[in-house]
Amino acid sequence: MATPMLIQDIAACDGQDVIIKGWLYNKTHKGKLVFMQVRDGTGIAQCVAFQKDLPPEQFEAARALTQESSIIITGRVRRDERAPGYPGGYEVGVTALEVIHEAEEYPISPKEHGVEFLMDNRHLWLRSSHQWAIIRIRATIIKAIRDWLDDHGYLLVDTPILTPAAGENTTTLFQIDYFGEPAFLAQTGQLYNEANMAAHGKVYCFGPTFRAEKSKTRRHLMEFWMVEPEMAFFSLDDLIAMEQEFIAYIVQTVLTTRRQELTILERDTTRLENIIPPFPRITYTEAVARLQKLAAETTDPELKESLQIEWGDDFGAPHETAIAGMFDKPVFVTHYPVEAKAFYMQPNEEDPGVVNCTDLLAPEGYGEITGGSERISDPALMAERVKTMGISEEAYRWYIDLSRYGSVPHAGFGLGVERMVAWICGLPHIRETIPYPRMLSRKYP
RNA sequence: UCCACAGUAGCUCAAUCGGCAGAGCAAUCGGCUGUUAACCGAUGGGUUGUAGGUUCGAGUCCUACCUGUGGAGCCA
């Protein structure tokens with residue numbers, strides 16, 4: 001009696017008669033036998049149909065089967081070193097084949113395709129093994145994020161996506177019509193997080209965020225997912241200590257639970273195995289000095305040009321890559337100039353020209369994966385900041401209230417999930433890190 | 001928004017100095033009992049991104065536009 005089986009469990013079913021429900025991933029036939037690579041969502045298994053083992057009409061159906069046709073296969077699992085697939089090493093000797101739907105000519109072949117074509121067919125491309133591996137790792141990263149926070153006393157508190165006020169910078173917000181009033185898609189949950197923090201101590205929000213920046217780079221999406229922890233009575237040192245444990249846990253969790261997927265992606269995991277605390281940290285000022293030294297020493301005129309920087313400038317992509325390249329772990333860059341950062345960041349006591357903030361730059365040129373800081377907790381300073389930034393006091397009254405009623409030193413950060421996925425998977429472009437990327441010139445499918 | 005490059009068969013690409021529109025893969029048909037992006041033989045497949053211009057003749061040269069790719073900028 002054949003029993004249903006998921007392909008991920010194929011090794012445990014050796015010798016058993018099983019039923020697989022799935023899709024034909026690829027096929028090759030050789031006279032009186034047909035090799036079918038069948039995927040069921042949990043893996044890919046080679047199913048071998050010999051003419052003598054099937055009713056004639058079913059063998060003919062196997063020979064004629066089109067790529068991505070949906071099928072139900074009955075057969076016996078056997079160990080075979082030659083069998084490809086994920087996990088592979090076992091194959092199914094087919095005794096019956098039922099075709100559920102014969103697919104039309106499938107546009108994506110196992111051969112190479114261009115970026116535009118694949119993105120136009122993103123809804124189908126997701127079935128390909130590379131994309132399958134990425135999306136599974138993404139799910140594991142998200143689970144690791146939530147597990148670590150939940151296990152360390154952080155409470156998930158949701159923040160709104162539809163927000164009423166734009167503050168000072170409407171150009172980077174998507175505006176929508178809210179019953180005749182303008183509303184905006186959230187760029188961050190942080191301000192609401194600070195209110196939630198005062199209620200629960202350590203909180204985090206996790207959801208999609210939206211930025212209408214006309215960024216056309218390999219690291220930017222218009223819609224991306226961000227986790228933002230916010231902690232009461234936290235200093236910059238507390239923040240850095242927490243972040244490195246958190247990041248290391250995520251990386252190590254993927255390494256231990258998604259080996260197969262990292263192999264599919266041909267990721268060099270030795271770089272990831274090294275991601276354990278403590279991470280190096282340098283100040284912004286030190287980073288600028290190192291960049292200037294590097295620019296002075298290099299003989300490459302293009303690199304020299306791209307590394308030009310003066311104290312006070314924010315880092316561009318070449319700067320981030322160069323700084324990260326000086327370390328083999330993620331590096332915390334702290335104490336940026338006040339002007340380069342957000343209005344709510346706490347100025348440094350000894351050097352008021354910089355803020356107590358830290359960006360975490362990933363190795364291998366993957367850029368900023370977290371950005372965080374101590375927040376201003378002094379009511380007078382907050383009021384002054386709000387005024388000088390030209391922020392609507394009416395729209396942000398609720399936020400200003402937070403500094404009036406039991407204000408405490410606090411800190412938090414945001415982590416971009418897609419950049420984390422790109423780094424861990426070793427992907428050259430962020431577009432493959434989310435099922436349906438929203439980019440400057442693409443919102444289909 | 002700026003710079004560079006590209007657009008030819010379903011896909012990936014060729015086409016010499018401006019002179020017959022071509023291949024691999026995919027598809028279809030046939031062959032093969034161990035394939036790993038199989039292989040072998042055969043068949044079908046084209047408004048060369050759009051609009052205009054130069055020329056006896058334009059995929060190729062010129063102008064504008066559209067679309068995409070790479071990079072920069074932008075980026076609490």
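This is a predicted model, so every value here is computed, not measured. Chain letters run A, B, ... following the sequence lines, proteins first, then strands; residues in each count from 1.
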When the [atom1] atoms of [N] and [M] are considered, how many whole Å apart are they?
{"N": "rA21(B)", "M": "rA58(B)", "atom1": "P", "value": "11 Å"}
{"N": "rA4(B)", "M": "rC13(B)", "atom1": "P", "value": "22 Å"}
{"N": "rC32(B)", "M": "rU69(B)", "atom1": "C1'", "value": "43 Å"}
{"N": "rU50(B)", "M": "rC75(B)", "atom1": "P", "value": "39 Å"}
{"N": "rU60(B)", "M": "rU16(B)", "atom1": "P", "value": "12 Å"}
{"N": "rC2(B)", "M": "rG59(B)", "atom1": "C1'", "value": "30 Å"}
{"N": "rC3(B)", "M": "rC40(B)", "atom1": "C1'", "value": "50 Å"}
{"N": "rC29(B)", "M": "rG34(B)", "atom1": "P", "value": "24 Å"}

Tell me whether the side-chain N or O atoms of [X] pair up with the base of [N] as donor and acceptor below 3.5 Å, since no angle test is needed here.
{"X": "E116(A)", "N": "rU67(B)", "answer": "no"}
{"X": "K341(A)", "N": "rA76(B)", "answer": "no"}
{"X": "K216(A)", "N": "rG70(B)", "answer": "yes"}
{"X": "E91(A)", "N": "rG34(B)", "answer": "yes"}
{"X": "H113(A)", "N": "rC11(B)", "answer": "no"}
{"X": "T172(A)", "N": "rC75(B)", "answer": "no"}

Task: Distance-only donor-acceptor check, side chains E374(A) and N356(A), under 3.5 Å - done: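 Short answer, yes.
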Open item on the list: Checking R375(A) against S373(A): is there a side-chain donor and acceptor pair closer than 3.5 Å?
Closed with: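 Distance-only check passes for S373(A) and R375(A).
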Proximity to the side chain of [X] - top-ranked nucleotide from [options]:
{"X": "K214(A)", "options": "rC75(B), rG73(B), rU12(B)", "value": "rG73(B)"}
{"X": "K111(A)", "options": "rG34(B), rC25(B), rA72(B)", "value": "rC25(B)"}
{"X": "F117(A)", "options": "rG34(B), rU69(B), rC11(B)", "value": "rC11(B)"}
{"X": "T66(A)", "options": "rC74(B), rU28(B), rC32(B)", "value": "rU28(B)"}
{"X": "K52(A)", "options": "rU33(B), rG68(B), rA76(B)", "value": "rU33(B)"}
{"X": "R63(A)", "options": "rG34(B), rC25(B), rG31(B)", "value": "rG31(B)"}
{"X": "R82(A)", "options": "rG73(B), rA76(B), rU35(B)", "value": "rU35(B)"}
{"X": "R431(A)", "options": "rG10(B), rG70(B), rU35(B)", "value": "rG70(B)"}
{"X": "H29(A)", "options": "rU35(B), rU69(B), rC32(B)", "value": "rC32(B)"}
{"X": "E105(A)", "options": "rA26(B), rA76(B), rU12(B)", "value": "rA26(B)"}

Task: Aromatic plane relationship, Y399(A) with Y396(A) - under 30° parallel, 30 to 60° tilted, over 60° perpendicular - done: perpendicular
TODO: Describe, in one word, how the ring planes of F315(A) and Y336(A) are oriented to each other, choosing from parallel (under 30°), tilted (30 to 60°) and perpendicular (over 60°).
DONE: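 Judged by the thresholds at 30° and 60°, the geometry between F315(A) and Y336(A) is perpendicular.
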Open item on the list: If you take the centroid of each ring, where Trp contributes its six-membered ring, are F117(A) and W125(A) closer together than 6.0 Å?
Closed with: no
What nucleic acid atoms does [X] come within less than 4.0 Å of, heavy atoms only: base, sugar-phosphate, or nothing?
{"X": "D314(A)", "result": "nothing"}
{"X": "Q67(A)", "result": "nothing"}
{"X": "S373(A)", "result": "nothing"}
{"X": "R385(A)", "result": "nothing"}
{"X": "G371(A)", "result": "nothing"}
{"X": "R419(A)", "result": "nothing"}
{"X": "P84(A)", "result": "base"}

Open item on the list: Whether the side chain of S70(A) engages the backbone of H101(A) through a donor-acceptor N/O pair (distance < 3.5 Å, no angle test) should be reported.
Closed with: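 Checked: pair present.
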